[in-house]
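Working notes for the structure below.
Keep in mind the model is a prediction, meaning the values are calculated, not measured.
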Amino acid sequence: MATPLSDSSLSPLSAQSPFQTIAVVGLGTMGTGIAEVLTRAGREVVGIDISEAAGARAVAALEAATERAVTRGRITERERGDALARFRTFTDLQAAADADLVIEVVPESYEIKQQVFRELDAIVRPEAVLATGTNALSVTRLAAESARPERVLGLHFFNPAPAMKLVEVVSSVLTAPQAVAAVTDLALDLGKEPVAVGDRPGFVADGLLFGYLNQAAAMYEAKYASREDIDAAMRLGCGLPMGPLALLDLIGVDTARTVLEAMYAASHDRLHAPAPILRQLSEAGLTGRKSGRGFYSYEAPGSATVVPDALTPLDGVATVAGRTVRSVGVAGSGTMASGIAEVFAKSGYEVVLAARSEEKAQAAKARIGKSLARSVDKGRMTVEAAAETLDRITPAGTYDAFADVDLALEAVAEDLEVKRQLFATFDKVCKPGAILATTTSSLPVVACARATSRPQDVIGMHFFNPAPAMKLVEVVRTVLTADDVHATVRELCAKVRKHPVDCGDRAGFIVNALLFPYLNNAIKMVQEHYATLDDIDAAMKLGGGYPMGPFELLDVVGLDVSLAIEKVLHREFRDPGLAPAPLLEHLVAAGCLGRKTGRGFREYAKR
C-alpha cells in the first residue's frame, strides 16, 4: 500500500526547489519543448525515448533553439554551453532512477501511459513525483494504478512549450497537496502561469477548445461554409491566431479525435461527440500537418506551408456580373449603423444615414465626426480626407430618403418584428433593383425577405463591431437571394476593404454559431465550481491565444445579448448541450448585464 506523502519528503522546498533533476519521457514535439524549457531554467534534464532518432532530434532542436537565443542576445555562448551540458538523452527508463520529478509525454493511450508508470514505480525513488502531460485522459485512473498515487498529478504544457505561458496543474482526489504545491512552484520558477484544475477530460483550456474545434469540423462536414471561410471568420471575427480547421491540422486530427472521445465518454454531451469527418480523416491517414494533408494540403509532411488542392477556391473569378452601387442607405442611429456609414463614406460612397428622427440621425453623424477626428489625431487620415468623408454622409429623419440608393442596409434593434416592418418600408420606398440588406447576427434573413415583394433582392451583411476596425463581413444568402445580388455584395465588401465569408441562412451564421457554445460551456465550468472566472480567462488567453477570456468577452458583449443568441441557437438546433447555462439566465434576470450596467460576471467601476 502506498504511504501518505509527508511534509518532510518535500522539505527542500524551504531552501530550493525539490526538482533539480527532471526526467522527460517521450521526446516528440511536446517532450522536446518541455526539455528545452527545463534545461534553460537551470535544471538537469534526462530525456528518455525508445527511439534514438527522437533523442538525436531533441538534442538538435535544443542546439538550434539556444543558438537562436545567442544570436538574439538573450543568452551568452557560455550559458548556451551550460544548457546543452545539462541535457542528456537515453533509450531506457532506468535513466530516470535519480530524477526528482518525471514528466511523461508519451502518446495519448491509457495502455502506454500505464505501462510507463508501472515501470517507473520500480525505478524512481519513493519521494519522486510522477507527472503526466496528458490533455485528455484521466489523471485519477493513471494514479490509481500507480504504487504511489499520492505522487501522481497532471502537468499539462501547451504547444510550443517554450513560448506558451500556460501550464495546467491537475490534481486527482488522490494527489497530495505538497506535490501540487511543489509542481506549481516549479511552473512559476520556469516563468509559466500555472492554473490549478481538477481531473476532467480536457481540463480547462482543451475542455473548451476542443468542443469548439469539433463544432467547426461538423460545420465544414455539413458543407455550410468552406474551410477557408470558417477559418477566416474566426480569425477576423474573434481575433484568434488561427482558424479552427487549420488548428486541427496543427494539433493532429487523430489527437483531436482521441481528446473528444475521452470528453464525450465523461460528459455524454453531443457537442463533444467527435464529428464523423474526424474519424474519416484519421482512418485515411490524413492527420494534418504531420502527414502532409488533413483539412488542408501541405507542401510536405511536417510543413506549415499550405498548397492549393482541389478544394481551394479560385481567386478573382467572377461567374456572375454584379449590380452597380454608387449610393448606400444605412438605417439606424446606434454604434453599428454609424460605424457602417463611416465605412462606406470612407470608401467614396454617398451615404444616406436615416433614423426615426432628424435629431437621432444628426447625433449619429456627429458620432462619426468624432470617430474621424480620432483617426486624424492618430495620423491615420488627413483633416481634408476626414472632412470629405463626413460630407458624403447625409442625415435624414425619414426612410423616404432611400428612394434613390442602390443598397439599403438596416442596423436597427435585433428584433424580428422591427426588422420586418423596416423591410416592408424599404420595399415601398426603394427603387427597383436596389439591394436590401440586414446586419442581423442571429435572426433569419429570409423572414426579412418575405416582408418584401422582392425577396430575391434581400441578403444578409453581418458586420462586426466596431465596423470601421473589424475586417469581417458574413455574407448570408437565403434560398431566394439572386446570384447577382450575392456577387454584388461580395464585390462591395472588397471595395470597402472588408473580407467577405459566405454562409447560409441559419442561426448564428459562422462566428456566433461557434463562439457562443464555447462561451456557454465556460459558464457551465464556473457553475459547476470546476474552475474560477480568473483561471478560465487566463487559460484561454495563455493556452489558446484568445485576445480575451470568455468572461471578459461576455461582459463586453452584454449578458442579455449573449443569452438571446444562445436561446436562438438552442431553438434552431434543438441540441440539449446548447441550452443556456442557468447561471447566465440568473444574472440577466438580476439585471447584471456586463460592463454596461457595471456588473456582470465581474463588477466594474462606475463611469
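Defined by atom type and a distance below 3.5 Å, a donor-acceptor pair is missing between the side-chain atoms of Thr258 and Glu108. Residues Thr312 and Arg227 have side chains that bring a donor and an acceptor to within less than 3.5 angstrom of each other. For the residue pair His462 / Ser441, no side-chain donor-acceptor distance below 3.5 Å is found, with atom types taken as modelled. Side-chain N/O atoms of Tyr264 and Asn214 include no donor and acceptor closer than 3.5 Å. Between Thr140 and Asp199, the side chains place a donor N or O and an acceptor N or O closer than 3.5 Å (distance only, hydrogens not considered).
Taking 4.5 Å as the limit, some side-chain heavy atom of Ser146 sits within range of a side-chain heavy atom of Asp121. Side-chain contact check for Phe295 versus Leu281: some heavy-atom pair is nearer than 4.5 Å. By the 4.5 Å heavy-atom criterion applied to side chains, Phe157 and Glu168 are not counted as neighbours. Using a 4.5 Å heavy-atom cutoff, the side chains of Leu472 and Lys498 are not in contact. Side-chain contact between Tyr530 and Arg200: present, with at least one pair of heavy atoms (C-beta onward) separated by less than 4.5 Å. Annotation: side chain of Leu533 is in contact with side chain of Arg602 (closest heavy-atom distance under 4.5 Å).
Side-chain atoms of Arg151 come within 3.5 Å of backbone atoms of Glu127 as a donor-acceptor pair (strictly under, hydrogens ignored). Although no hydrogens or angles enter the test, the distance criterion places no donor-acceptor pair under 3.5 Å between the side chain of Ser297 and the main chain of Arg293. With hydrogens and angles disregarded, a donor-acceptor distance shorter than 3.5 Å links the side chain of Thr597 to the backbone of Gly594. Put simply, the side chain of Glu221 gets close to the backbone of Ile277: a donor and an acceptor are under 3.5 Å apart. Looking only at distances, no side-chain donor or acceptor of Thr21 sits under 3.5 Å from a matching main-chain atom of Asp100. Formation of a donor-acceptor pair under 3.5 Å by the Gln527 side chain with backbone atoms of Leu583 is found in this model. A side-chain donor-acceptor contact under 3.5 Å links Glu474 to the backbone of Ile510. At least one donor-acceptor pair under 3.5 Å links the side chain of Asp555 to the backbone N or O of Phe601. Checked by atom type and distance alone, the side chain of Asp231 pairs as donor or acceptor with a backbone atom of Ala246 at under 3.5 Å.
Taking the centre of each ring, Phe509 and Tyr224 stay at or above the 6.0 Å mark.
In summary, Lys541 and Glu552 engage in a salt bridge, as defined by a charged side-chain N under 4.0 Å from a carboxylate O. Residues Glu63 and Arg80 are not paired through a salt bridge, judged by the lack of any N-O separation under 4.0 Å between the basic side chain and the carboxylate. At a threshold of 4.0 Å, the pair Asp254-Lys290 counts as salt-bridged, since one of the basic side-chain nitrogens sits closer than that to a carboxylate oxygen. The residues Arg257 and Glu261 are annotated as salt-bridged, a charged nitrogen and a carboxylate oxygen being separated by less than 4.0 angstrom.
Heavy atoms from other residues, nucleotides or ligands lying under 6.0 Å from NZ of Lys165 number 12 at most.
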Sequence neighbours excluded and cut-off under 3.5 Å, please list the side-chain donor-acceptor pairs for residues 298-306, or say none.
from, atom 1, to, atom 2, distance (Å)
Tyr298, OH, Asp249, OD2, 2.7
Ser303, OG, Thr305, N, 3.0

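Ring-plane geometry between Tyr212 and Tyr518 is classed as tilted, the angle between the planes lying from 30 to 60 degrees on a 0 to 90 degree scale.
A cation-pi geometry, defined here as NZ or CZ lying under 6.0 Å from the six-membered ring centre and within 45° of its normal, does not hold between Arg599 and Tyr604.
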